[in-house]
Amino acid sequence: MRLWIARAGSAALSLFTFISTPALGAAPLLAAEPVEVAAGAGEVEVLEDGRGQAIDLQVRFPPRRFTFLPRFVPEVAPILGTIATTRGAIYAYAGLRLDLPLGRRFHFSPSFSGGLYHQGEGQDLGGPVEFRSVVELSYALNERTRVGVSLDHLSNGGLFSSNPGSESLIFLVSSRLG
């Protein structure tokens, strides 16, 4: 198990670096440096028979207003991330995240992403293009660090003839940079 975690972590970090490095240099696209990083681990396909574990790495950027969204939509934060599973599946994604405070310490953060999926020995999700919707509940330990749990749904949205979808439950820690 330790060997798998080392391999999966290394693969996820390599893929994450490959995807995020060009994006971090694209100042006009993201218009800011990352403000937060998050790392998590959990169970894949929690609503089925639990077919393995996953590691999730994410970079979160400052919230901003996007002109293509309706005015009633609040500022959202761009995100980049990757998930690797014990069965060799990898999902690299980019999306938008909303962070809503619930009192002083709790936060509710829904997000939506699109990305590329490599099946490995994992579940066949129908094709390489997948979408991820997430609900996250976190607790602020201090001004910089949060712990939380997220439930996500990954599917191709009907782009392909097969669209079984998959759900994951991830426990995570996030930290503000700087």
Side-chain angles (χ1 to χ4, degrees), residues 12-13 15-17 19-20 22-24 26 29-47 53-85 89-103 105-118 122-123 125 127-141 144-159 163 165-177:
L13 187 57
L15 181 62
F16 180 72
T17 302
I19 290 168
S20 65
L24 294 177
L29 175 64
L30 298 173
E33 292 184 18
V35 294
E36 190 175 351
V37 294
E43 187 75 17
V44 179
E45 298 188 37
V46 294
L47 300 181
Q53 289 76 42
I55 295 173
D56 186 4
L57 302 173
Q58 193 174 100
V59 174
R60 299 169 177 175
F61 294 86
R64 58 181 283 195
R65 177 154 309 284
F66 288 92
T67 56
F68 62 86
L69 294 174
R71 287 184 167 245
F72 66 85
V73 175
E75 290 185 336
V76 291
I79 55 174
L80 292 173
T82 189
I83 299 171
T85 74
I90 297 175
Y91 176 64
Y93 59 92
L96 298 173
R97 180 175 184 270
L98 183 61
D99 191 36
L100 303 168
L102 301 174
R105 294 199 177 253
F106 285 96
H107 294 261
F108 175 71
S109 306
S111 65
F112 181 78
S113 306
L116 297 176
Y117 177 71
H118 170 72
Q123 183 179 8
L125 293 178
V129 177
E130 301 291 329
F131 302 98
R132 182 179 188 224
S133 49
V134 179
V135 290
E136 176 186 316
L137 182 62
S138 62
Y139 178 80
L141 297 175
R144 295 183 58 167
T145 306
R146 291 187 198 176
V147 294
V149 61
S150 70
L151 178 64
D152 74 36
H153 174 73
L154 188 63
S155 86
N156 65 49
L159 288 176
N163 185 23
S166 175
E167 290 74 27
S168 299
L169 184 66
I170 306 286
F171 296 93
L172 50 97
V173 176
S174 63
S175 181
R176 288 185 116 15
L177 303 174

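Numbers here are sequence positions counted from 1. Since the model is a prediction, treat every value here as computed from it, not as a measurement.
- With sequence neighbours excluded, no residue forms a ring-ring contact (aromatic ring centres under 6.0 Å, His included) with F171.
- The two residues A38 and S174 come nearest to each other via the heavy atoms CB-CB, 3.8 Å.
- Counting only heavy atoms from C-beta outward, the side chains of F131 and L159 approach each other to under 4.5 Å.
- Between the CD atom in E36 and the CZ atom in F61 there is a gap of 11.5 Å [rounded to 0.5 Å].
- A heavy-atom distance below 4.5 Å is found between the side chains of L172 and E136.
- Not one N or O on the side chain of S150 forms a donor-acceptor pair closer than 3.5 Å with the backbone of V135.
- At distances below 3.5 Å, not a single donor-acceptor pair connects side-chain atoms of N163 with backbone N or O atoms of S155.
- Shown here are the ring-ring contact (aromatic ring centres under 6.0 Å, His included) partners of F72, two or more places apart in sequence or in another chain: there are none.
- Without hydrogens or angle criteria, R146 side chain to F106 main chain gives no donor-acceptor distance under 3.5 Å.
- Contacts of E75 classified as side-chain hydrogen bond (donor to acceptor under 3.5 Å, both in side chains), with partners at least two apart in sequence or in another chain: none.
- Applying the side-chain contact (heavy atoms from CB on, under 4.5 Å) test to A94 and every residue at least two apart in sequence or in another chain returns L80.
- Considering only heavy atoms from C-beta on, L137 comes within 4.5 Å of L102 through its side chain.
- Not counting sequence neighbours, the partners of D56 by the side-chain hydrogen bond (donor to acceptor under 3.5 Å, both in side chains) test are Y93, R132.
- For the atom pair NE2 (H153) and CD (E130), the distance works out to 9.0 Å, reported to the nearest 0.5 Å.
- The shortest distance between side-chain heavy atoms of F66 and L96 falls below 4.5 Å.
- Closest approach of A54 to I83, counting heavy atoms only: CB-CG2, 3.9 Å.
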Donor-acceptor contacts under 3.5 Å from residues 108-116 side chains, at least two apart:
| unit_1 | atom_1 | unit_2 | atom_2 | d |
| --- | --- | --- | --- | --- |
| S109 | OG | R97 | NH2 | 3.2 |
| S109 | OG | D99 | OD1 | 2.7 |

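- Taking CZ from R105 and CG from L141, the interatomic distance works out to 7.5 Å, rounded to the nearest 0.5 Å.
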